[in-house]
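In what follows, a single structure is set out as structure tokens and then discussed.
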Amino acid sequence: MPELPEVETVVRGLREPLVGQTLHSMWVERASTVHSPAPEQFAARIRGQRVQALSRRAKYIVIHLEHDFLLVHLKMTGRLYVAAAGAAYPADAWVRVRFGLDAGHELRFSDARRFGRVYLTAHLADITGGLGPEPLDDDFTLERFAGRIAGHRRPLKPLLLDQAFIAGVGNIYADEALHRARLHPLRPASSLTAAEVAALYTMIRAALNDGINHEGASVNWYRKPDGTTGTAQDGLTVYGRDGRPCLTCGHVIEKIRVVQRGTHFCPVCQPLPER
DNA sequence: CGGACAACCTGGCGGC
DNA sequence: TGCCGCCAGGTTGTCC
């Protein structure tokens, strides 16, 4: 599903067609997709504002307008793309919100599952204030990660999925990072040695960077803004590979449920120490 | 604090 | 072939 690498790929793909465009209008096909403010105010406020930049915070796409930030969260099945005037696209069947751009072009937000939301705010922190640090930022150092993990006793899998602990990691990259770091998803955070903390830090970043370099994992719904698939799914070592051999040791990959999430791991490479 | 679980949603797919 | 029912999971909110 869209996690940090997928959202980053969407942001990169939308910069060229979107920056410099002016938002002229907004069509709300599905009111519940508009988080805040209410659709009428939302449409009135964006009208005439030029897109100045695009960035990403956790799994949010952040569109910088002249006086506001327009945020989009893709959740499970959201897709965001710029459509040429009058052109039809495969994801159009699930369009929830459209924004009119220059020369008849449109920014379309499609979302089959209807979990995704759009937000408009003058103060970014109103939406993203509770999020933890960006794992790929330069100031996210090993020391900082070690300091944050020190206070936690929770199992690693739910900790990595907690957006207040670390921003942008979802189910796929959590499983991949834990496998690369050779850590069982149920290991209590407080049980890690300094070397294991360092391995986890390194492998979270490596898994995310690999995902970005392969333009995201198109496990099912995710597509780049141009409609094509990423290739990161071909490099996954555990996610979705339950019942198949571990690429490191050959043992069968297992799948369990942890905090209601499908969790994939190799019981040999990622042992759970008895205690 | 944290874990369990429901809710939000619907396309896709396994099973029969 | 067709239908049923479950599964997928990011996030919020509720309850214990």
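Naming convention: chains lettered A, B, ... in sequence-line order (proteins, then strands); numbering from 1 in each chain. If you're wondering where the values come from, they're calculated on a predicted model, not measured in any experiment.
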Spacing between [X] atom [atom1] and [N] atom [atom2], to the nearest angstrom:
{"X": "A:R30", "N": "B:dC8", "atom1": "CZ", "atom2": "C1'", "value": "10 Å"}
{"X": "A:D111", "N": "C:dA8", "atom1": "CG", "atom2": "C1'", "value": "14 Å"}
{"X": "A:L74", "N": "B:dC9", "atom1": "CG", "atom2": "P", "value": "17 Å"}
{"X": "A:I172", "N": "C:dA8", "atom1": "CD1", "atom2": "P", "value": "12 Å"}
{"X": "A:L186", "N": "B:dG2", "atom1": "CG", "atom2": "C1'", "value": "15 Å"}
{"X": "A:M76", "N": "C:dG9", "atom1": "CE", "atom2": "P", "value": "6 Å"}
{"X": "A:F165", "N": "B:dG2", "atom1": "CZ", "atom2": "C1'", "value": "15 Å"}
{"X": "A:D175", "N": "C:dA8", "atom1": "CG", "atom2": "P", "value": "12 Å"}

Measure from the side-chain N and O atoms of [X] to the backbone N and O of [Y], and report whether any donor-acceptor pair falls under 3.5 Å.
{"X": "A:R205", "Y": "A:P135", "answer": "yes"}
{"X": "A:E29", "Y": "A:R96", "answer": "no"}
{"X": "A:E3", "Y": "A:N171", "answer": "yes"}
{"X": "A:Q21", "Y": "A:D102", "answer": "yes"}

Roughly how many Å apart are C:dT11 and B:dG12, using the P atom of each and rounding to a whole number? 23 Å

When the P atoms of C:dC3 and B:dC9 are compared, how many Å lie between them, rounded to an integer? 26 Å

Between A:P158 and A:F115, the residue closer to the 5' end of DNA chain B by nearest nucleotide is A:P158

When you look at A:D111 and A:K75, which way does the salt bridge (Lys or Arg N to Asp or Glu O under 4.0 Å) test go after all the steps? CA-CA 9 Å; A:D111 182 25; A:K75 294 290 177 77; over 6 Å; no

If we check ring-ring contact (aromatic ring centres under 6.0 Å, His included) with A:Y119, which of these qualifies: A:F69, A:Y60, A:F42? A:Y60

Any base atoms under 4.0 Å from A:G262, or only sugar-phosphate, or nothing? Heavy atoms, all strands. sugar-phosphate

Which part of the nucleic acid does A:R257 contact within heavy-atom distance under 4.0 Å: base, sugar-phosphate only, or nothing? sugar-phosphate

Nearest to the side chain of [X] - [options]?
{"X": "A:Q163", "options": "B:dG11, C:dG9, C:dT11", "answer": "C:dT11"}
{"X": "A:K59", "options": "B:dA4, C:dG9, C:dT11", "answer": "C:dT11"}
{"X": "A:Q260", "options": "C:dA8, C:dG10, B:dA4", "answer": "B:dA4"}
{"X": "A:Y60", "options": "B:dT10, C:dG10, C:dT12", "answer": "C:dT12"}
{"X": "A:Y239", "options": "C:dT11, C:dG9, B:dG3", "answer": "C:dG9"}
{"X": "A:N171", "options": "C:dG10, C:dA8, B:dG3", "answer": "C:dG10"}
{"X": "A:H73", "options": "C:dG9, B:dG11, C:dT11", "answer": "C:dT11"}
{"X": "A:K255", "options": "B:dC9, C:dG10, C:dA8", "answer": "C:dA8"}

Measure distances between side-chain N and O atoms of A:R113 and base N and O atoms of C:dG10, and say whether any donor-acceptor pair falls under 3.5 Å. no

Where along residues 147-157 of chain A does a heavy atom come under 4.0 Å from DNA chain B, residue by residue in number order? A:H152, A:R154, A:P155

Just do the salt bridge (Lys or Arg N to Asp or Glu O under 4.0 Å) check on A:E134 and A:R57 with the steps written out, would you? CA-CA 8 Å; A:E134 285 290 328; A:R57 176 71 172 108; 2.9 Å; yes

Can you find a pair of side-chain heavy atoms, one from A:R223 and one from A:Y81, that are under 4.5 Å apart? no

